[in-house]
**Student:** 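Here it is, the structure, as C-alpha cells.
Just so it is clear, the model here is predicted, and its values are computed rather than measured. Here, residue 1 is the first one in the sequence, and each next residue gets the next number. Only this structure's heavy atoms are used, side chains among them; waters, hydrogens and symmetry mates stay out.
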Amino acid sequence: QVQLVESGGGLVQAGGSLRLSCAASGGDFGYYSMAWFRQAPGKDREYVASITQSGADTYYSDSAKGRFTISRDGARNTMFLQMDALAPEDTAIYYCAADPSAARTMAFRAATLDYWGQGTQVTVSS
C-alpha cells in the first residue's frame with residue numbers, strides 16, 4: 001500500500017512561483033509512474049503532468065507546458081512540481097497520483113489510478 005503526501009501549496013501572487021512535493025512511502029517508488037492533477041472549485045479534476053518511472057520522460061497538459069516542470073528524486077522517494085508564472089486560473093487543489101501504468105496514459109485514466117494523495121491547496125491572487 002503506497003501512501004502519498006503532498007506539500008508546498010499556499011497563497012502566491014500572479015506571476016509568482018511555487019514548488020509542490022509529493023512524498024511516497026510504503027512501496028517501491030521506482031515501480032510507479034507519477035502524475036499531478038488539480039481540481040478547482042466547481043470544476044472537474046484536470047490532468048497537469050506525469051513522469052515515467054525512471055524520470056526520463058515527462059508529459060504536460062497544454063496549460064502546464066512551458067510554465068510547470070515535473071521531476072522526481074528516487075533517493076528521496078519524492079516527486080516535485082515546479083510551477084512558475086502562476087495565474088489565478090491555476091488556483092486549485094493539487095493532487096499527486098501513482099500507478100504502474102505508462103505515464104503517457106495517466107491523463108486519460110484518472111478514475112483508475114491506484115494511489116492518490118490528500119491534496120494541497122494552491123491559491124493565486126490577481
**Student:** Please report the closest heavy-atom contact between Gly26 and Gln3, naming both atoms and the distance.
**Tutor:** CA-OE1, 3.9 Å
**Student:** May I have the step-by-step check of ring-ring contact (aromatic ring centres under 6.0 Å, His included) for Tyr95 and Phe37, ending in yes or no?
**Tutor:** CA-CA 5 Å; Tyr95 299 91; Phe37 289 78; 8.8 Å; no
**Student:** Applying side chain to side chain contact (heavy atoms under 4.5 Å, CB included), run through Trp36 and Met79 and close with a yes or a no.
**Tutor:** CA-CA 9 Å; Trp36 288 99; Met79 175 181 65; 3.3 Å; yes
**Student:** Locate the shortest heavy-atom distance separating Phe80 from Asp73; write the atom from each residue and the value.
**Tutor:** CE1-CB, 3.9 Å
**Student:** Out of curiosity, Met83 CE to Arg19 CZ, how far, rounded to the nearest 0.5 Å?
**Tutor:**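 It comes to 11.5 Å.
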**Student:** Mind checking whether Gln118 and Glu6 have side chains closer than 4.5 Å, heavy atoms only?
**Tutor:**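 Side-chain contact under 4.5 Å: yes.
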**Student:** Is any side-chain heavy atom of Thr69 closer than 4.5 Å to a side-chain heavy atom of Tyr60?
**Tutor:**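 Thr69 reaches Tyr60 side chain to side chain.
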**Student:** Which heavy atom in Ala40 sits nearest to a heavy atom in Ala92, and how many Å separate them?
**Tutor:**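 Looking at all heavy atoms of both residues, the closest pair is N-CB, 3.8 Å.
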**Student:** Take Tyr115 and Tyr32 through the test ring-ring contact (aromatic ring centres under 6.0 Å, His included) and record every step on the way to the result.
**Tutor:** CA-CA 10 Å; Tyr115 301 107; Tyr32 296 95; 5.8 Å; yes
**Student:** With rounding to the nearest 0.5 Å, note down the distance linking CG in Asp90 to OG in Ser63.
**Tutor:**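 Atom-to-atom, Asp90:CG and Ser63:OG are 7.0 Å apart.
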**Student:** Do Val5 and Leu81 share a hydrophobic cluster (ILVMFWY, side-chain heavy atoms under 4.5 Å, transitive)?
**Tutor:** no
**Student:** For Thr112 versus Asp99, what's the shortest heavy-atom pair and its separation?
**Tutor:** O-OD1, 3.8 Å
**Student:** How far does CG of Leu4 sit from OG of Ser25, to the nearest 0.5 angstrom?
**Tutor:** 7.5 Å
**Student:** Between the side chains of Asp84 and Ser17, does any donor sit under 3.5 Å from an acceptor?
**Tutor:**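 Yes, a side-chain donor-acceptor pair sits under 3.5 Å.
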**Student:** Can Arg45 be said to sit on top of Trp116's aromatic six-ring, NZ or CZ under 6.0 Å from centre and within 45° of the ring axis?
**Tutor:**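 Yes, a cation-pi geometry.
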**Student:** Just wondering, do Phe108 and Tyr47 contact through their side chains at under 4.5 Å, heavy atoms?
**Tutor:**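 A side-chain contact under 4.5 Å is absent here.
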**Student:** Would you say Met106 ends up clustered with Leu20 if hydrophobic residues are merged whenever their side chains have heavy atoms under 4.5 Å apart, either directly or through other cluster members?
**Tutor:** no
**Student:** Using the ring of Phe29 (Phe, Tyr or Trp, six-membered ring only), decide whether Arg72 places NZ or CZ under 6.0 Å from its centre and within 45 degrees of its axis.
**Tutor:**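 Cation-pi check for Arg72 and Phe29: passes.
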**Student:** Might you work through the side chain to side chain contact (heavy atoms under 4.5 Å, CB included) test for Ser71 and Gln82, ending with a clear yes or no?
**Tutor:** CA-CA 8 Å; Ser71 62; Gln82 177 66 41; over 6 Å; no
**Student:** Leu18 and Val124: same hydrophobic cluster, using ILVMFWY side-chain contacts below 4.5 Å?
**Tutor:**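 Yes, Leu18 connects to Val124 through the hydrophobic network.
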**Student:** Would Leu86 and Phe68 count as a side chain to side chain contact (heavy atoms under 4.5 Å, CB included) if you check the C-alpha gap in whole Å, the side-chain angles of each, and the deciding distance to 0.1 Å?
**Tutor:** CA-CA 9 Å; Leu86 283 162; Phe68 295 0; 3.9 Å; yes
**Student:** Nearest 0.5 Å, what's the CE-OG1 distance between Met34 and Thr58?
**Tutor:**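 The distance works out to 14.5 Å.
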**Student:** Backbone N or O of Arg76 within a donor-acceptor pair of the Thr78 side chain at under 3.5 Å?
**Tutor:** yes
**Student:** How long is the straight-line distance from CD of Gln121 back to CZ of Arg38, given to the nearest 0.5 Å?
**Tutor:** 12.0 Å
**Student:** Would you kindly confirm whether Leu113 and Ile93 end up in one hydrophobic cluster when ILVMFWY residues are joined by side chain heavy atoms under 4.5 Å apart?
**Tutor:**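 They do share one cluster, since a chain of ILVMFWY contacts under 4.5 Å joins Leu113 to Ile93.
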**Student:** Specify the closest pair of heavy atoms between Ser33 and Ala102, including all atoms of both residues, with the distance to one decimal.
**Tutor:**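 Closest pair (atom of Ser33, atom of Ala102, distance): OG-C, 3.9 Å.
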**Student:** Verify, without hydrogens or angle tests, whether Thr91 (side chain) and Thr123 (backbone) share a donor-acceptor contact under 3.5 angstrom.
**Tutor:** no
**Student:** Would you check, one step at a time, whether the test salt bridge (Lys or Arg N to Asp or Glu O under 4.0 Å) holds for Arg104 with Asp57?
**Tutor:** CA-CA 9 Å; Arg104 67 182 182 276; Asp57 295 297; over 6 Å; no
**Student:** Using distance alone, with no hydrogens and no angle criterion, decide if Ser125 and Gln13 have a side-chain donor and acceptor under 3.5 Å apart.
**Tutor:** no
**Student:** Find the distance between CZ (Arg109) and OG (Ser50) and round it off to the nearest 0.5 Å.
**Tutor:**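 It comes to 11.0 Å.
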